[in-house]
Q: 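This is the structure, below, for whatever I ask next.
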Amino acid sequence: GGFSDTFAVPAYQADAVAAYKNSPDANLPPQRMWNGTGRGYPDVAALGGQKTPYCVEVGGIFQGVAGTSASSPVVAGVFAKLNGLRLKKGKPSLGFLNPFIYK
């Protein structure tokens with residue numbers, strides 16, 4: 001994850017970003033190396049670590065992949081499944097989730 005050089009922190013993310021940057025556990029690099037005014041990303045992740053990578057097959061060889069590039073699609077799949085279940089019951093889809101996940 002990191003902080004955007006393009007997009008400012010949206011209102012729904014402001015409290016979470018401020019709390020993270022003020023946390024002694026954040027272990028951030030020196031301020032000159034990152035944009036302190038940018039939005040945080042990714043908004044969600046799952047199982048993104050090197051100790052428990054996802055197993056994928058590439059060209060007949062299985063290997064582990066990790067990080068937000070591997071985990072964010074899994075989270076998207078979970079929300080797609082939830083949307084499918086909701087639609088099946090005649091309910092609306094979840095819609096834009098970012099404000100909801102920061103509550």
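What's counted below: heavy atoms across the whole structure, side chains too, no hydrogens, waters or symmetry copies. Quick caveat, the model's predicted, so the values are computed rather than measured. When a residue number appears, it is its place in the shown sequence, counting from 1.
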Q: Are Leu97 and Phe7 connected into the same hydrophobic cluster when the rule is that any two of I, L, V, M, F, W, Y join if their side-chain heavy atoms are below 4.5 Å apart?
A: no
Q: Would you say the side chain of Arg86 lies within less than 4.5 Å of the side chain of Pro92, judging by non-hydrogen atoms?
A: yes
Q: So do Tyr20 and Leu28 actually touch side chain to side chain, heavy atoms under 4.5 Å?
A: yes
Q: Grab the two heavy atoms, one from Gln31 and one from Asn35, that are nearest each other, plus how far apart they are.
A: NE2-C, 4.2 Å
Q: Determine whether more than 12 heavy atoms belonging to other residues, nucleotides or ligands lie under 6.0 Å from atom CG of Asn98.
A: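 Yes, enclosed.
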Q: Is the shortest heavy-atom distance from the side chain of Leu94 to the side chain of Leu82 under 4.5 Å?
A: yes
Q: Which atom pair, heavy atoms only, marks the closest approach of Pro10 to Arg39?
A: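 The answer is CD-CB, 3.6 Å.
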Q: Is there a side-chain contact between Val56 and Phe62 (heavy atoms, below 4.5 Å)?
A: no
Q: With a cut-off of under 6.0 Å to the ring centre and 45° to the axis, is Lys21 in cation-pi contact with Phe3?
A: yes
Q: Should Val9 and Trp34 be regarded as members of a common hydrophobic cluster, given that ILVMFWY residues are connected when their side-chain heavy atoms come within less than 4.5 Å of each other, either directly or indirectly?
A: yes
Q: Leu85, Val75: one ILVMFWY side-chain cluster at the under-4.5 Å cut-off?
A: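 No, no single cluster joins them.
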Q: Taking a hydrophobic cluster as the set of Ile, Leu, Val, Met, Phe, Trp and Tyr residues connected by side-chain heavy atoms closer than 4.5 Å, whether directly or through intermediates, do Tyr102 and Val44 fall within one such cluster?
A: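 Same hydrophobic cluster.
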Q: Should the heavy atoms of other residues, nucleotides or ligands under 6.0 Å from CZ of Phe100 be counted, would the total exceed 12?
A: no
